[in-house]
Amino acid sequence: MPSWIQQAAHRGILTSRYPRVAASEPDEIPLTARGPLPTGPIGPAAVDGCPVGAISPSGVDQGRCVRCARCLATGFRFGAPIEMAGTSPASLRTSTVAPAPSGAGSLAELGRSLHVFLVDVGSCNACNLEVLALANPFYDASRLGIFFTNSPRHADVLLVVGVPTAAMIEPVRRAYEAIPAPKAVVAIGACPISGGVFRGQPGLRSSLDELVPVDLFVPGCPPAPTQILDALLTLAGRGRRER
Amino acid sequence: MSPVVRRVGAADRFDLTPDRALAYAAPDGAFALYNDYTENASWLVPGAASGSVSEIAANWLGGGDDGPTRRLAPREAVEGYGTFTFPYGPISMGVPESGRFDVVTYGERVLELTPVGGYKSRRILPSLAGATLADAALRVERLAGNVSASHVAAFLAAAESAEGVAVPTSELWTRAVAQELQRVYNHVHLLARIAEAANQNVGAAQSHALAEELLRLQGRVFGHRWSFGALLPGGPPRRLDGPGRRSLAEDLRRRREEFEELWELFLDSRTFIDRIQGTCPVPREAAVRWGAVGPTLRACGVPWDDRLRVPVAPYTDLFVPLPVERDGDALARLLVRVQEVRASLLLLEQLLDRWPAPGEAPQPAAPPVDPGRGLGRVEGPSGDLVYDVRVAGSRIAAVGVRTPSDANWPVFASGMRGAVFTDFHFALESFGLVFAETDR
């Protein structure tokens with residue numbers, strides 16, 4: 001009769017070697033996890049065809065892009081860098097490579113360990129599940145000193161997913177206030193950065209930084225777990241871009 | 001010592017005719033959709049909803065809470081010495097989504113539990129009016145990301161029926177592939193969550209690993225781990241050509257072996273089985289009375305599955321197994337899901353084996369229920385999902401939806417009466433409820 005130990009041994013080591021080794025594609029980073037980049041001059045068809053207004057003649061706002069792929073027909077390809085987290089929504093407006101965010105390692109003083117508290121302010125559930133995937137054996141964030149905590153009082157980092165709804169304004173503010181300093185806030189996905197596909201809808205805030213100060217913005221719809229991991233490592237001064 | 005507890009409400013006023021369960025009441029009361037589980041039939045009642053239907057809708061959808069939140073199940077008033085109500089949520093790590101549970105208790109036993117939603121209401125449905133079909137579909141697939149394929153498939157079927165357009169056969173088959181892949185993922189994910197709640201750490205880690213492999217599989221086939229855009233025109237390129245299908249079939253065979261090995265180990269764990277057996281039981285009568293759907297309903301011995309009862313292509317051409325259990329508890333719901341993983345893998349095998357040849361004639365959409373108005377109905381991972389779409393010209397005029405979570409929140413609440421609070425997580429996960437589906 002097989003046992004759990006035999007079964008686990010049979011499957012071998014599943015855990016990614018990221019960030020020591022670059023993320024694998026398409027397993028860790030599927031096609032659409034990379035943001036779109038233009039392959040030539042940006043034409044009006046691309047600008048008009050983008051359903052979320054992420055494309056302008058000067059480039060792509062990765063914080064607005066929801067990876068719908070409609071722009072592929074108008075001279076774009078998914079080729080933006082994997083590690084794209086930026087310190088402001090403006091730093092995500094680029095047609096080339098997003099610069100390594102300077103000063104993002106605001107929690108580097110905490111050394112090797114970060115405790116993370118997740119708050120959903122109006123998500124579709126995909127970002128929540130991508131964040132929680134960091135605990136599965138493939139990513140195993142605990143090997144990098146990253147742990148989920150059940151209380152904001154024990155947390156260093158507030159991870160926020162979803163487009164902020166009226167009913168979640170007060171809870172997210174209170175969660176932020178409950179976290180002891182030094183602390184950081186990370187906005188996960190297009191929704192808390194720009195409103196995503198819900199941008200401009202009545203009753204919704206278009207950006208999380210209207211409510212609490214945000215340290216890092218991670219674009220994507222949703223970002224892949226590796227990209228969320230990169231943002232947390234960047235906060236701790238240990239991301240691939242800091243190497 | 002148990003306190004004297006008195007139920008001062010009257011939940012019975014929500015009774016429906018026995019064996020004739022409410023499945024869908026449009027928010028505007030324009031029509032109601034009934035399932036008659038004894039006759040295995042369902043029908044639409046046009047015009048204003050009947051008294052009982054509108055009364056039910058008004059009583060629990062109407063709220064009774066302050067602000068934008070609303071109750072998702074009727075609340076029965078309970079009073080007695082030592083009883084108090086504590087709100088669990090809207091932020092709690094035990095439930096990764098935002099939502100609240102009002103628990104009436106005297107310290108140990110749950111006397112009454114009311115899920116309260118609305119915290120993450122994004123007002124998606126009103127925002128669809130006036131949008132093009134493609135733009136509306138982008139929001140529909142983000143209504144509940146982990147079940148996006150079934151939402152998009154039902155929405156597109158309703159819109160195509162309203163517009164009376166024919167759909168390429170290969171598109172219908174692609175929708176079925178995306179839906180079945182997501183069903184397998186969701187069922188395995190719930191198995192992992194239940195194992196986590198039961199402190200089966202190795203089993204939970206292994207099931208989460210399998211769920212991750214299934215997401216990666218979707219990422220390889222559709223370019224996106226949650227299949228966003230996969231079923232829409234102009235979406236990311238798909239890998240469903242000949243070599244893509246062969247590689248998917250090969251991959252699924254390996255996932256099936258992993259799943260069987262995993263489940264065999266879970267079955268060997270008496271502590272795991274003991275923990276979920278008898279937890280949050282829902283008697284057949286209650287499931288039918290509350291209009292339960294999906295694995296929740298099938299775990300109570302009611303053999304209803306939209307893929308068989310209201311079949312559309314390609315399910316009309318495939319062998320669709322129908323797993324049913326009798327006990328109605330968390331174990332029965334999990335057993336149904338486990339058998340459905342096997343069933344979905346079998347369906348995927350059939351789909352990939354018998355892929356339509358290029359140039360096969362497009363399939364006509366279902367006839368509209370009214371001119372410019374169509375219904376789309378699919379069996380989502382947690383049950384019967386209905387979209388009601390009205391179109392005007394090439395744009396959406398109005399959209400109504402009844403999700404499996406709408407139907408199953410009251411069933412969960414009724415099952416939790418008399419449970420202990422430590423049952424909460426096993427119970428909740430066994431229903432596969434998603435706040436995002438009701439907070440739309």
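Worth saying up front: this structure is predicted, and the values here are computed from it rather than measured. What's counted below: heavy atoms across the whole structure, side chains too, no hydrogens, waters or symmetry copies. Chain letters run A, B, ... following the sequence lines, proteins first, then strands; residues in each count from 1.
The CG atom of A:Leu204 sits 9.0 Å away from the OG atom of B:Ser127 when rounded to the nearest 0.5 Å. Here CG of B:Asn146 is found 8.0 Å from SG of A:Cys124. Values are rounded to the nearest 0.5 Å. Taking CD1 of B:Ile91 as the start and CG of A:Asn150 as the end, the distance is 13.0 Å to the nearest 0.5 Å.
B:Pro236 and A:Cys68 get closest at one heavy-atom pair: CD-O, 4.0 Å.
Of the atoms belonging to B:Tyr119, heavy atoms from both backbone and side chain fall under 4.5 Å from chain A. For A:Ala133, the part lying under 4.5 angstrom from a heavy atom of chain B is the side chain only. Contact annotation for A:Pro225: only side-chain heavy atoms (C-beta onward) come within less than 4.5 Å of a heavy atom of chain B. When heavy atoms are compared at a cutoff of 4.5 Å, A:Leu132 approaches chain B solely by way of its side chain, counted from C-beta outward. Both the backbone and the side chain of A:Cys221 come within contact range of chain B, judged by heavy atoms closer than 4.5 Å. Interface remark: B:Leu215 contributes side-chain atoms only to the contact with chain A (heavy atom separation under 4.5 Å). Proximity to chain A is absent for every atom of B:Ala192, based on heavy atoms less than 4.5 angstrom apart. Contacts between B:Asp439 and chain A at a heavy-atom distance below 4.5 Å are absent for every atom of the residue. Using a 4.5 Å cut-off between heavy atoms, A:Val52 makes no contact with chain B at all. Of the atoms belonging to B:Pro90, it is side-chain heavy atoms, and not backbone ones, that fall under 4.5 Å from chain A. Interface remark: B:Arg193 contributes side-chain atoms only to the contact with chain A (heavy atom separation under 4.5 Å). In this structure, chain A has heavy atoms under 4.5 Å from both the backbone and the side chain of B:Leu262. Only the side chain of A:Pro26 comes within less than 4.5 Å of a heavy atom of chain B; its backbone N, CA, C and O stay farther away.
Listed for the B:Lys120 side chain is a donor-acceptor partner under 3.5 Å among the backbone atoms of A:Ser123. Side chain of A:Asn128 to main chain of B:Pro96: a donor-acceptor pair is present (N/O by atom type, distance under 3.5 Å, no hydrogens or angles). Under the 3.5 Å distance criterion, the side-chain polar atoms of B:His224 are left unmatched by any main-chain donor or acceptor of A:Ala33. Looking at A:Asp120, its side chain does come within 3.5 Å of a backbone N or O of B:Ser98 through a donor-acceptor pair. Not a single donor-acceptor pair under 3.5 Å links the side chain of A:Thr165 to the backbone N or O of B:Arg122. At least one donor-acceptor pair under 3.5 Å links the side chain of A:Thr32 to the backbone N or O of B:Gly223. In this structure, the side chain of B:Glu212 does not engage the main chain of A:Phe138 through any donor-acceptor pair within 3.5 Å.
Figure legend: cation-pi geometry between B:Arg123 and A:Phe198 absent, as NZ or CZ is not positioned both under 6.0 Å from the six-membered ring centre and within 45° of its axis.
The number of heavy atoms from other shown groups lying within 6.0 Å of CZ (B:Arg270) does not exceed 12.
Contact count against chain B (heavy-atom pairs under 4.5 Å) is highest for A:Ala167 among A:Ala167, A:Gly196, A:Ala8, A:Cys191. Most heavy-atom pairs under 4.5 Å with chain A: of the set B:His208, B:Arg142, B:Glu141, this distinction falls to B:Arg142. For the set A:Leu129, A:Val121, A:Val119, A:Leu72, the count of heavy-atom pairs under 4.5 angstrom toward chain B peaks at A:Leu129. Interface check for chain B: of the options A:Met168, A:Arg11, A:Arg70, A:Arg67, the most heavy-atom pairs under 4.5 Å are formed by A:Arg11. Your options are A:Leu14, A:Leu118, A:Val172, and the one with the most heavy-atom pairs under 4.5 Å with chain B is A:Leu118. Contact count against chain B (heavy-atom pairs under 4.5 Å) is highest for A:Val197 among A:Leu31, A:Val163, A:Val197.
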For side chain to side chain contact (heavy atoms under 4.5 Å, CB included), just list the numbers for B:Arg139 and A:Gln201, CA-CA rounded to whole Å, side-chain angles, deciding distance to a tenth of an Å, and then say yes or no. CA-CA 12 Å; B:Arg139 288 181 210 166; A:Gln201 221 151 279; 3.9 Å; yes
Dump the intermediate steps for side chain to side chain contact (heavy atoms under 4.5 Å, CB included) on B:Trp226 and A:Asn125, then the final yes or no. CA-CA 10 Å; B:Trp226 304 92; A:Asn125 212 16; over 6 Å; no
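Side-chain contact check for A:Gln7 versus B:Glu258: every heavy-atom pair is 4.5 Å or farther apart.
For B:Gln206 and A:Trp4, the side-chain atoms include no donor-acceptor pair closer than 3.5 Å.
Comment: A:Asp27 does not engage B:Arg225 in a salt bridge, judged by the lack of any side-chain N to carboxylate O separation of less than 4.0 angstrom.
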